[in-house]
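What follows is one structure encoded as structure tokens, with my remarks underneath.
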Amino acid sequence: MEKKKTFYISTPIYYASANLHIGHSYCEIITDSIARYKRERGYDVFFLTGADEHGEKIAKNAELAGKSPQTFVDEIANNFKSTWGKLKISNDDFIRTTDPRHVALVKKVFTKLYNQGDIYKGKYQGWYCTPDESFWTESQLGPNHTCPECGRPVQLKDEEAYFLNVKKYIPQLLKFYDEHPGFVPGGKLNEMINTFIKPGLEDLCITRTTFDWGIPIDQDPKHVVYVWIDALLNYLSALGFLSDDDSKFKKYWSKDTEIVQFAGREINRFHTIYWPILLFALNLRIPDTIFIHGLLLTRSGVKLSKSLGNAPSPLPLIDRYSLDALRYYMVREVPIGDDGSFTPKQFIERINNDLVNNYGNLLNRSLSMIKKYYDGVVPVYVEPKGELTRKIYQDINLYLKEYELQMDAYNITKGADAAMKLINLGNKYIEDQAPWTLAKSENTKAELAETIYALCEVLRIGSIILRPFLVEKAPEALKQLNVPPELTKYDSIREIGKLGGVITNKGEQLFPRLDREVETKFLAELIDGRPGEKE
RNA sequence: CGCGGGGUAGAGCAGUGGUAGCUCGUCGGGCUCAUAACCCGGAGGUCGUAAGUUCAAAUCUUGCCCCCGCUACCA
């Protein structure tokens, strides 16, 4: 038997300074959809997400909450996990930067790079606010060199720190970019090159002594590893790199594995510049793709964030509209790679049009006809005679190919669109065939049968390809159709003609219609914390 | 200042040289299997702006205006 192809996909690890909002859910949902698609296609998938739990901000927030940092992040990590459970995120592991396995790896990597001369001790210079005990960069400062947080004056101050020698690897990095044009899709690389590399990239400061909630380095324990070396290594520590059991690392970081890592555009720089350099220094392969996704904005185009009070939790949305409604909206409405928005109007229209009117309705009307004309039993397939029936099978194939093409390029927005267009073929086909007319005469019985049969295939195939997005409702649709388990597998998607005799099991409507006025009000209050204007 | 992205029907978007397209909304028609759903048709755009290249430009070149993002160790 041929060895399964392997696939490794990761989200960034979210900073555990506060609880999650819908923006984090966005990244989880798109990566989960891809992970699920790859599993459907027979890949051996490793899907990773996690939490970034070190740093000054977390230490401060913990203190404010009257908790130890560890207790604080334990609670938040649990919150992450339980939220992802509710979103049915199918991650294979959850990495925390406070995990012993992660701490051990960071220390090992630091030591290795230190010993090979890629890390050296130097001085970090920045604007320091003594009362707040924090460093700021020139651009972060308030007017007249004041602390952006407390407004008091800051002083230029030196601090002993360790640096990663990134300059050394720039030529190798540029060569790599050149040879791998698909590394960062969507033209998001030039910005990095022009802004950071061309003007001359400085070495990266990777330790701090001004706080202690971090991983202390063995060489100099008053230093803790600062942000990015710690955070980026999660992708390797979760695989057991440099640990007693590195079987996962060998499997999923091998040169044969397809590796794609998702990151928001705000952390583009770290993933497209420093991360490859770190891997160069460790003499490891580079991921195939760093996919920079957009952010979820509100209607006014303002970044979702807790401080603006416009970032709802995903949970009330799930409770009210079903998990799949939320998942579908994010996949289909936000063009992957671009920023998107979450607005009541768009949400309601997208759900009503695609899920209620198109998909749910097709299932409902098809099952009704099977019940009415065939007592609930799918008619036997015969070679189609009608021109339109032959055409619909061709069109199904066309959209199926388009779907696979898009999904293989991680373009789930267009993949979901192709799936929905495939479903829509069914609605148009019904209109063209007018089964209610065919049912009136004995002469057209055969045509009625082939019509109803074709609809079952549209629904079977459509539901299979919607399954990565609609993790509850697509299986539900297949259940109502009562498709035999082996025919619900992706491998059998092109096996047309085997559904004859299946006893269908018509159930509840897949998606209830959303009332525009009522739901606009509900959503506007959820997003803005106040009633929105009517649209 | 610099860099990246963008300005196409009421809204949201496709469209990199050859009679302007999609979804939603809107208007009109049809159907009745279906969740007032579904199907068909119409109206609606001088493709930010000015100039240039070309037989031909939304699509290539240049200038200008406007919007969004990034600008360094900050998730």
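Chain letters run A, B, ... following the sequence lines, proteins first, then strands; residues in each count from 1.
- Of the side-chain N and O atoms in A:Arg350, none sit less than 4.0 angstrom from OP1 or OP2 of B:rC24.
- Nucleotides B:rA43 and B:rA34, compared at atom P, are 34 Å apart to the nearest Å.
- B:rU49 sits 15 Å from B:rG6 when the C1' atoms are compared, rounded to a whole Å.
- Across all their heavy atoms, A:Ala416 and A:Val331 have their closest contact at CB-CG1, 3.9 Å.
- The side chain of A:Asn357 places no N or O atom within less than 4.0 Å of a non-bridging phosphate oxygen (OP1 or OP2) of B:rU35.
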Sugar-phosphate means primed atoms, P, OP1 and OP2; the rest is base. With that split, encode nucleotides 39-44 of chain B 5' to 3' as B, S or - using protein heavy atoms under 4.0 Å. SS----

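- Salt bridge A:Arg460/A:Glu457: present, at least one basic N to carboxylate O contact under 4.0 Å.
- The side-chain contact (heavy atoms from CB on, under 4.5 Å) with A:Met420 is formed by just one residue from the set A:Phe469, A:Tyr399, A:Tyr403, A:Tyr328; it is A:Tyr328.
- A:Leu510 comes within 4.0 angstrom of a base, heavy atoms only.
- Spacing of P atoms, B:rG25 relative to B:rU19, comes out at 30 Å, to the nearest Å.
- Among pairs with a residue in residues 412-422 of chain A, those fulfilling side chain to side chain donor-acceptor pair (under 3.5 Å) read A:Arg332-A:Asp417, A:Asp417-A:Lys421, at least two apart in sequence or across chains.
- Residue pairs satisfying the ring-ring contact (aromatic ring centres under 6.0 Å, His included) criterion with at least one member in residues 344-371 of chain A, sequence neighbours excluded, are listed as follows: A:Tyr321-A:Phe347, A:Tyr329-A:Phe347, A:Phe342-A:Phe347.
- Distance from the side chain of A:Trp228 is smallest to B:rA75 among B:rU35, B:rA75, B:rA72.
- To the nearest angstrom, P of B:rC3 lies 17 Å from CD1 of A:Ile273.
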Collect all protein-nucleotide pairs involving nucleotides 9-16 of chain B in which both atoms are nitrogen or oxygen and the distance is under 3.5 Å.
none

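- Residues A:Leu514 and A:Val356 fail the side-chain proximity criterion, which asks for heavy atoms closer than 4.5 Å.
- Taking atom P in both B:rG63 and B:rC3, one finds a spacing of 11 Å when rounded to whole Å.
- Between A:Glu519 and A:Arg350 there is no salt bridge, since no side-chain N of the basic residue sits under 4.0 Å from a carboxylate O of the acidic one.
- One interatomic measurement links the two molecules: CD1 of A:Ile267 to P of B:rC70, which rounds to 13 Å at whole-angstrom precision.
- For the pair A:Trp436 CH2 and B:rG30 C1', the computed distance is 11 Å after rounding to whole Å.
- Counting only heavy atoms from C-beta outward, the side chains of A:Trp84 and A:His24 approach each other to under 4.5 Å.
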Below 3.5 Å, can you tabulate the donor-acceptor pairs from side chains in residues 74-81 of chain A to any protein atom, sequence neighbours excluded?
from    : atom 1 : to      : atom 2 : distance (Å)
A:Asp74 : OD1    : A:Gln70 : NE2    : 3.0
A:Asp74 : OD1    : A:Arg96 : NH1    : 3.4
A:Asp74 : OD1    : A:Arg96 : NH2    : 2.7
A:Glu75 : OE1    : A:Lys67 : NZ     : 2.8
A:Asn78 : ND2    : A:Asp74 : O      : 3.3

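- Base engagement by A:Leu201 is indicated by at least one non-hydrogen atom pair under 4.0 Å involving a base atom.
- Each of A:Phe511 and A:Glu349 was assigned the nucleotide of RNA chain B with the nearest heavy atom; the assignment lying further toward the 5' end belongs to A:Glu349.
- One N or O on the side chain of A:Trp213 and one on the backbone of A:Glu53 form a donor-acceptor pair closer than 3.5 Å.
- Rounding to whole angstrom units, CG of residue A:Asn364 and P of B:rU32 are separated by 18 Å.
- Looking at A:Thr504 and A:Lys371, their side chains never come closer than 4.5 Å, going by heavy atoms from C-beta outward.
- Taking the side chain of A:Met369 as heavy atoms from C-beta on, and the options B:rC24, B:rU71, B:rC33, the nearest nucleotide is B:rC33.
- Summarising the geometry, the separation between CD1 on A:Ile351 and P on B:rC24 is reported as 14 Å, rounded to the nearest angstrom.
- Rounding to whole angstrom units, CG of residue A:Leu189 and P of B:rC3 are separated by 17 Å.
- Residue A:Gln509 is in base contact, counting any heavy-atom pair closer than 4.0 Å across all strands shown.
- Among the nucleotides B:rC38, B:rG25, B:rA72, the one closest to any side-chain atom of A:Phe196 is B:rA72.
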Secondary structure of RNA chain B in dot-bracket form (Watson-Crick or G-U wobble, distances below 3.5 Å, | marking inter-strand pairs): .(((((((.[[[[.)..(..]]]].(((((.......))))).....[[[[[..)....]]]]])))))).....

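- Closest to the side chain of A:Arg516, out of B:rG25, B:rC33, B:rC70, is B:rG25.
- Taking atom P on both nucleotides, B:rC1 is separated from B:rC67 by 12 Å, rounded to a whole Å.
- Between A:Lys506 and A:Cys205, the residue whose closest nucleotide on RNA chain B is further toward the 5' end is A:Lys506.
- Rounding to whole angstrom units, CG of residue A:Asn268 and P of B:rA72 are separated by 15 Å.
- Distance from the side chain of A:Arg265 is smallest for B:rG69 among the nucleotides B:rG69, B:rA72, B:rA37.
- A:Ile197 has its side chain within reach of A:Leu174: a pair of non-hydrogen atoms, C-beta onward, lies under 4.5 Å apart.
- Across the C1' atoms, B:rA14 and B:rC47 are found 12 Å apart, a figure rounded to whole Å.
- Taking the C1' atoms as reference points, B:rG44 lies 15 Å from B:rG28, given to the whole Å.
- Across B:rU35, B:rC33, B:rA75, the shortest atom-to-atom separation from the side chain of A:Lys57 is found for B:rA75.
- Atom CZ in A:Arg269 sits 12.0 Å away from atom NE2 in A:His271 (nearest 0.5 Å).
- The nearest whole Å value for the distance from the CG atom in A:Asp230 to the C1' atom in B:rA75 is 12 Å.
- Comparing the C1' positions of B:rC68 and B:rA9 gives an interatomic distance of 23 Å, to the nearest angstrom.
- With salt bridges taken as basic N to acidic carboxylate O contacts below 4.0 Å, none links A:Glu431 and A:Lys428.
- Checked against B:rG25, B:rA37, B:rC33, the side chain of A:Arg513 finds its nearest nucleotide in B:rA37.
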